[in-house]
Amino acid sequence: MESNIMIQVDVARLKEHIGQKVTVKGWLYNCRSKGKIHFLQVRDGSGTVQGIIIKGVLPDAEFEHVGKLGQESSLEVDGTVREDTRSPTGVELDVTAVRPIQDVKDYPIALQEHGPDFLLQNRHLWLRSRKQHAVMRVRSRVELAIRQFFDNRGFTLVDAPIFTPSACEGTTTLFEVKYFDEDKAYLTQSGQLYMEAAAMALGKVYCFGPVFRAEKSKTRKHLTEFWMLEPEIAYGTLEDVMDLSEALIVHLFTEVLNTCKQELATLERDLTKLEDVARGGFPRITYHEASKLLATMDTGFVHGNDFGAPDEQALAQHFGRPVMIHRWPAEIKAFYMKRDPADPTLALGVDLIAPEGYGEVVGGGQRAEDLQFLLDQIKAHQLPQEAFEWYLDLRRYGTVPHAGFGLGLERTVAWITGREHVRECIPFPRMLYRIYP
RNA sequence: UCCCCAGUAGCUCAAUGGUAGAGUAGGUGACUGUUAAUCACUUGGUUGUAGGUUCGAGCCCUACCUGGGGAGCCA
């Protein structure tokens, strides 16, 4: 009699069970048959293992049936774990029993190249593919590392609202929703203003959640719904923001390098690129310096303007590393930015541009803490003052210098994983003209 | 909103204006170490839609639809 002490084991932990009989519960990634041997690639979410079935071990009818199971058939497999140098993971499973849960025919996503439209239409199934699986694991790891980073530095997580009564910055287009009877609400585009309030209560805070942009952007760097991390520091300065964002990026890259080796290998990511970022020491240049640099390049840049995509690309390429650009002309930055005391035409803002074309990953700076200055700015930008009264209260009751930044999660994950497009870096991307599935 | 590109088998793609094809998936069979296995046979089509030019249109023209890339704006 076979014993009943069979234990269910995650594929990722099979190495700890060499020589033991185990059960793996998962899905059939692929099945190759060599006549009297079947090779089953079984994935269970934690990894993939190859199961070997030799004719004679199972009754013939069962052996035939297993050989005809389609891709993504769900099944339970019993077998003995065996060390095998031929396996990429070092172990194989000598299968003694297969219990199909569902026999699948015509799984839509074949083991071949597919176009983006087809894959996005089948995003719910595409997630099962090796590379997408790896990206999701890295994303999860990055989110964890973000939480750890801020927790270790004494920050408090403060969740920002998603419904907001009006624009946070008044620039980008917002998604409008009906809020009961006649009222309108908007989906937040940033939690920053709320974090400023939270920082006055808790000192060092951050929020991390989805934000929404109704801009009709159709590029590989844009989503209409994406996740943004926004720390805010009471008594913080522009320098603090630059130091903190660099330390964060270094931490994220280091963590992923240390804990996601398998995933990065699956994604065929060039590790030397990541290791370079993990060393830190990002160049920091002023807008004025960047402008001089661009003058020697041929991007059509005009001093005083914001950088366009070609300018950003040229700067990123010139340094080949993440580069921080700070002290921007005030008129092209948001109303709440503090002016540089050394030159009031400049705003104390900073953007971090990633190399390899991933664009602006971090944007932030020091906030204006002076009440009268903000009142003037709101008037100059023709913003409705009554909507900002609560924000102005922060300058009426114990105002202090403070600073913060925002980091786009999907751009960061795309950068780390080397993906061409941010849509692969969020489980279910929401984009212009695409909200299915 | 603007510019560029593409829509042919379930999927990935071919096809000088002249009989619509391959690979893969699906089906049938062979094979005891395969790594997207291989080999043989086989099912599968309103060429995105509507017009137009032509003896003849997958191919040329117009409009529309869908998708992709980019600009602007942003993370």
Side-chain angles (χ1 to χ4, degrees), chain A residues 29-41 48-57 63-64 67-68 70-72 84-89 92 94 104-122 125-126 129-130 168-169 171-174 189-192 210-230 245 300 305-313 332-334 351-354 357-364 405-415 420-423 425-426 431-434 436:
Chain A
Y29 183 73
N30 193 17
C31 174
R32 287 180 287 272
S33 180
K34 195 79 170 50
K36 290 176 183 163
I37 296 189
H38 295 323
F39 299 92
L40 303 183
Q41 305 293 330
T48 303
V49 66
Q50 173 158 273
I52 313 295
I53 311 182
I54 295 173
K55 192 170 185 179
V57 172
F63 181 83
E64 295 296 326
K68 286 178 181 170
Q71 194 187 348
E72 288 303 314
D84 195 309
T85 51
R86 288 169 292 191
S87 161
T89 59
E92 286 190 342
D94 286 324
V104 170
K105 290 298 172 206
D106 299 319
Y107 181 67
I109 301 182
L111 299 176
Q112 70 171 74
E113 295 277 327
H114 294 280
D117 183 38
F118 176 78
L119 289 172
L120 289 167
Q121 210 61 25
N122 289 281
L125 303 176
W126 186 24
S129 304
R130 286 172 62 244
C168 291
E169 302 179 19
T171 51
T172 51
T173 320
L174 298 171
Q189 59 181 322
S190 163
Q192 182 201 316
V211 294
F212 308 86
R213 303 279 165 92
E215 282 292 333
K216 295 200 169 178
S217 297
K218 256 180 83 166
T219 82
R220 63 189 158 146
K221 290 193 285 236
H222 289 88
L223 296 165
T224 55
E225 175 183 322
F226 66 96
W227 280 58
M228 189 153 68
L229 161 75
E230 296 176 277
S245 55
N305 289 357
D306 203 351
F307 295 146
D311 308 313
E312 228 175 56
Q313 179 67 35
I332 58 171
K333 286 291 177 185
D351 284 357
L352 184 143
I353 315 256
Y358 291 101
E360 186 185 338
V361 166
V362 167
F405 66 87
L407 172 139
L409 179 65
E410 290 74 16
R411 285 189 184 179
T412 305
V413 172
W415 178 17
E420 185 70 20
H421 202 299
V422 289
R423 67 188 165 210
C425 299
I426 186 167
M431 302 184 295
L432 183 62
Y433 307 136
R434 192 183 284 285
Y436 176 94

Checklist entry - Looking only at side chains, do A:Ser87 and A:Thr89 share a donor and an acceptor under 3.5 Å apart? => result yes
Item to check | Nearest-angstrom distance, P atom, B:G48 to B:U12 | outcome: 14 Å
Checklist entry - Within the structure shown, what part of the strands sits under 4.0 Å from A:Lys218 by heavy-atom distance: base, sugar-phosphate, or nothing? => result base
Checklist entry - If the C1' atom of B:U16 is compared with that of B:C4, how far apart are they to the nearest Å? => result 26 Å
Checklist entry - Expressed in angstrom and rounded to an integer, what is the separation of A:Asp106 atom CG from B:G44 atom P? => result 15 Å
Item to check | Strand partner of B:U16, provided both Watson-Crick or wobble distances fall under 3.5 Å | outcome: none
Next on the checklist: Tell me which nucleotide, if any, is Watson-Crick or G-U wobble paired with B:C2 when both distances must be under 3.5 Å.
Outcome noted: B:G70
Item to check | Side-chain donor/acceptor contact of A:Gln112 with base of B:C11 under 3.5 Å | outcome: yes
Checklist entry - Would A:Glu72 and A:Leu125 count as a side chain to side chain contact (heavy atoms under 4.5 Å, CB included) if you check the C-alpha gap in whole Å, the side-chain angles of each, and the deciding distance to 0.1 Å? => result CA-CA 10 Å; A:Glu72 288 303 314; A:Leu125 303 176; over 6 Å; no
Item to check | Spacing of the P atoms in B:C59 and B:A14 (rounded, Å) | outcome: 16 Å
Checklist outcome for this item: Picking from B:A75, B:G67, B:U34, the nucleotide nearest the side-chain atoms of A:Asp117 would be B:G67
Checklist entry - With rounding to whole Å, what would you report as the distance between B:G51 and B:A57 at their P atoms? => result 14 Å
Item to check | Residue pair A:Phe39, A:Gln50: steps toward the side chain to side chain contact (heavy atoms under 4.5 Å, CB included) verdict | outcome: CA-CA 6 Å; A:Phe39 299 92; A:Gln50 173 158 273; 3.7 Å; yes
Checklist entry - Under 3.5 Å, is there an N or O donor on one side and an acceptor on the other linking the side chain of A:His114 and the base of B:C11? => result no
Checklist entry - Are any of the side-chain heavy atoms of A:His222 and A:Arg411 separated by less than 4.5 Å? => result yes
Checklist entry - Can a donor-acceptor pair under 3.5 Å be found between the side-chain atoms of A:Ser217 and the base atoms of B:C74? => result no
Checklist entry - Where the side chain of A:Arg220 is defined as all heavy atoms beyond and including C-beta, which of B:G68, B:A75, B:G70 is the nearest nucleotide? => result B:G70
Item to check | Pairwise C1' distance, B:A36 and B:A15 [rounded to whole Å] | outcome: 26 Å
Checklist entry - Among B:G10, B:G26, B:C74, which is the nearest nucleotide to the side chain of A:Arg213? => result B:C74
Checklist entry - Do A:Ser190 and A:Glu230 have a side chain donor and acceptor closer than 3.5 Å? => result yes
Item to check | Stacking of A:Tyr433 on B:G67 base (centres under 5.5 Å, planes under 30°) | outcome: no
Item to check | Among B:A36, B:U1, B:G33, the nucleotide that comes nearest once only the side chain of A:Leu111 is considered | outcome: B:A36
Next on the checklist: Under 4.0 Å, counting only non-hydrogen atoms across every strand here, what does A:Arg423 touch: a base, just sugar-phosphate, or nothing?
Outcome noted: sugar-phosphate
Checklist entry - When the nearest nucleotide of RNA chain B is assigned to A:Gln41 and to A:Pro310 on a heavy-atom basis, which residue is associated with the more 5' position? => result A:Gln41
Checklist outcome for this item: Quick note, A:Ile37 side chain, CB onward, closest among B:A36, B:C73, B:G33 is B:G33
Item to check | Interatomic distance at C1', B:U47 relative to B:C13, whole Å | outcome: 13 Å
Checklist entry - A:Ala309 side chain: which of B:G27, B:C74, B:G72 is closest? => result B:G72
Next on the checklist: Just to be sure I understand the rule, does A:Ser87 reach a base, reach only the sugar-phosphate, or reach nothing, if contact means heavy atoms closer than 4.0 Å?
Outcome noted: nothing
Item to check | From B:A75, B:G26, B:U32, nucleotide with atom closest to A:Lys36 side chain | outcome: B:U32
Next on the checklist: Classify A:Asp306 by what it touches in the nucleic acid, base, sugar-phosphate, or nothing, heavy-atom distance under 4.0 Å.
Outcome noted: sugar-phosphate
Item to check | Nucleotide nearest A:Phe118 when distance is taken to its side chain, options B:A71, B:C74, B:C11 | outcome: B:C11
Item to check | Whole-Å C1' distance, B:C64 and B:U28 | outcome: 45 Å
Checklist entry - Reckon A:Arg86 touches a base, only the sugar-phosphate, or nothing at all at heavy-atom distances under 4.0 Å? => result base
Checklist entry - Below 4.5 Å, heavy atoms only, C-beta onward: do A:Gln189 and A:Met228 meet side chain to side chain? => result no
Checklist entry - In terms of side-chain heavy atoms of A:Glu215, which of B:C73, B:C74, B:A36 is nearest? => result B:C73
Checklist entry - Are there more than 12 heavy atoms of other residues, nucleotides or ligands under 6.0 Å from atom NZ of A:Lys36? => result no
Next on the checklist: Is there, by distance only and without an angle test, a donor paired with an acceptor across the side chain of A:Gln121 and the base of B:G67 below 3.5 Å?
Outcome noted: no
Checklist entry - Looking at the side chain of A:Asn30, which of B:A75, B:A36, B:G68 is the nearest nucleotide? => result B:A36
Next on the checklist: Could you tell me how far B:C41 sits from B:C60 if I compare only their C1' atoms? Round to whole Å.
Outcome noted: 40 Å
Next on the checklist: With a cut-off of less than 4.0 Å, is there a side-chain N or O of A:Arg434 near OP1 or OP2 of B:G68?
Outcome noted: yes
